[in-house]
Amino acid sequence: MPRTLEGHLVDAGGRYAVIGARFNAFVVEKLVEGAIDALRRHGVDTDERVDVVWVPGAWEISLIAQKLAKSGRYAAIIACGAVIRGSTAHFDFVAGEAARGVAAASAETGVPVIFGVITTDTIEQAIERSGTKAGNKGYDAGLAALEMVDLLRRLDADQGA
């Protein structure tokens with residue numbers, strides 16, 4: 001049977017940053033609250049160990065995610081935003097670049113940068129994903145951050161770091 005390494009939903013220590021995009025704030029505020037709630041429910045002292053950073057929109061998340069990840073201050077970063085499709089191609093550019101930038105920040109720094117940016121066709125879908133019948137994707141992103149921090153800690157311990 002192969003050996004399995006995985007992270008657990010525990011507080012493995014460190015600070016967290018939550019990036020919130022103000023564009024579509026009526027949705028994103030709920031995502032940010034969800035991310036913080038997930039951390040709090042799993043033992044993180046959110047008053048002492050969580051910083052919330054607001055940016056104008058989803059496009060700007062990438063730069064700030066990279067800067068925060070490079071700072072060495074954070075065990076994980078959670079990026080929250082909402083890109084809602086309109087009648088132009090703008091949606092495709094913003095959503096795609098936000099995803100690319102978050103992935104690049106994580107890959108370049110080794111710090112988990114969690115993609116909590118929802119991309120929907122309608123405002124109703126965005127509302128559903130920010131705390132109603134489809135759950136809160138910000139909360140899910142908070143859980144992913146906890147799991148990744150713990151997994152990295154376990155991998156470092158396994159490799160004798």
Side-chain angles (χ1 to χ4, degrees), residues 5-85 94-95 98-99 101-107 109-156:
L5 288 170
E6 61 183 336
H8 298 277
L9 297 176
V10 298
D11 177 12
R15 295 187 63 79
Y16 293 83
V18 180
I19 302 170
R22 284 193 309 268
F23 198 83
N24 294 316
F26 67 99
V27 171
V28 179
E29 288 170 357
K30 298 294 185 194
L31 297 173
V32 169
E33 290 168 9
I36 294 168
D37 187 41
L39 298 174
R40 182 182 309 110
R41 288 178 185 260
H42 289 85
V44 176
D45 181 346
T46 55
D47 291 336
E48 295 294 322
R49 295 181 27 224
V50 175
D51 295 328
V52 177
V53 180
W54 290 97
V55 298
W59 182 268
E60 292 78 21
I61 288 173
S62 299
L63 173 63
I64 300 308
Q66 186 176 68
K67 184 159 185 75
L68 293 173
K70 284 182 176 180
S71 76
R73 292 192 65 205
Y74 300 100
I77 297 156
I78 304 162
C80 296
V83 184
I84 302 169
R85 187 177 302 278
V94 173
V102 165
S106 191
T109 63
V111 174
V113 182
I114 309 301
F115 192 68
V117 177
I118 59 173
T119 56
T120 65
D121 289 324
T122 66
I123 291 171
E124 293 77 17
Q125 290 172 341
I127 292 168
E128 287 173 4
R129 288 165 177 74
S130 64
T132 61
K133 65 183 176 182
N136 185 312
K137 299 307 177 189
Y139 188 93
D140 295 345
L143 294 179
L146 287 163
E147 186 173 342
M148 287 299 294
V149 170
D150 186 57
L151 176 58
L152 287 173
R153 182 186 58 80
R154 290 170 183 273
L155 287 171
D156 287 346

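These numbers come from the heavy atoms of this one structure, side chains and all, not from hydrogens, waters or symmetry mates. In this chain, residues are counted from 1 in sequence order.
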Q125: which residues meet the side-chain hydrogen bond (donor to acceptor under 3.5 Å, both in side chains) condition with it, sequence neighbours left out? none

Measure the [atom1]-[atom2] distance between [X] and [Y] for me, rounded to the nearest 0.5 Å.
{"X": "R40", "Y": "E33", "atom1": "CZ", "atom2": "CD", "result": "9.5 Å"}
{"X": "D11", "Y": "H8", "atom1": "CG", "atom2": "NE2", "result": "14.5 Å"}
{"X": "D156", "Y": "L151", "atom1": "CG", "atom2": "CG", "result": "9.5 Å"}
{"X": "T132", "Y": "K30", "atom1": "OG1", "atom2": "NZ", "result": "11.0 Å"}
{"X": "I114", "Y": "I19", "atom1": "CD1", "atom2": "CD1", "result": "11.5 Å"}

If we only count heavy atoms from C-beta on, is the [X] to [Y] side-chain gap below 4.5 Å?
{"X": "P112", "Y": "I77", "value": "no"}
{"X": "L143", "Y": "H42", "value": "yes"}
{"X": "C80", "Y": "V18", "value": "yes"}
{"X": "W54", "Y": "E29", "value": "yes"}
{"X": "F23", "Y": "V94", "value": "no"}
{"X": "V50", "Y": "R15", "value": "no"}
{"X": "I84", "Y": "I118", "value": "no"}
{"X": "V32", "Y": "V52", "value": "yes"}

How close do [X] and [Y] get, counting heavy atoms only, and between which atoms?
{"X": "V149", "Y": "A76", "answer": "CG2-CB, 3.6 Å"}
{"X": "S62", "Y": "A98", "answer": "OG-O, 3.8 Å"}
{"X": "V113", "Y": "A65", "answer": "CG1-CB, 3.9 Å"}
{"X": "N136", "Y": "S130", "answer": "ND2-O, 3.4 Å"}
{"X": "G142", "Y": "L39", "answer": "O-CD2, 3.9 Å"}
{"X": "A145", "Y": "Y16", "answer": "CB-CE2, 4.2 Å"}

Set out, in order, the CA-CA distance, both residues' side-chain angles and the distance that settles side chain to side chain contact (heavy atoms under 4.5 Å, CB included) for L68 and V53, then state yes or no. CA-CA 10 Å; L68 293 173; V53 180; 4.1 Å; yes

Within the distance-only criterion (no hydrogens, no angle test), does the side chain of N24 pair as donor or acceptor with the backbone N or O of A82 below 3.5 angstrom? yes

Going through the checks in order, is the side chain to side chain contact (heavy atoms under 4.5 Å, CB included) test met by L31 and Y139? CA-CA 7 Å; L31 297 173; Y139 188 93; over 6 Å; no

Only counting residues at least two apart or in another chain, list the ones meeting salt bridge (charged side-chain N to carboxylate O under 4.0 Å, His left out) with [X].
{"X": "E128", "value": "K133"}
{"X": "R22", "value": "none"}
{"X": "R85", "value": "D92, D121"}
{"X": "D150", "value": "R153, R154"}

Stepwise side chain to side chain contact (heavy atoms under 4.5 Å, CB included) check, V83 with V117: CA-CA 7 Å; V83 184; V117 177; 4.0 Å; yes

Looking at residues at least two apart in the chain, or sitting in another chain, which of them share a side-chain contact (heavy atoms from CB on, under 4.5 Å) with D47? D45

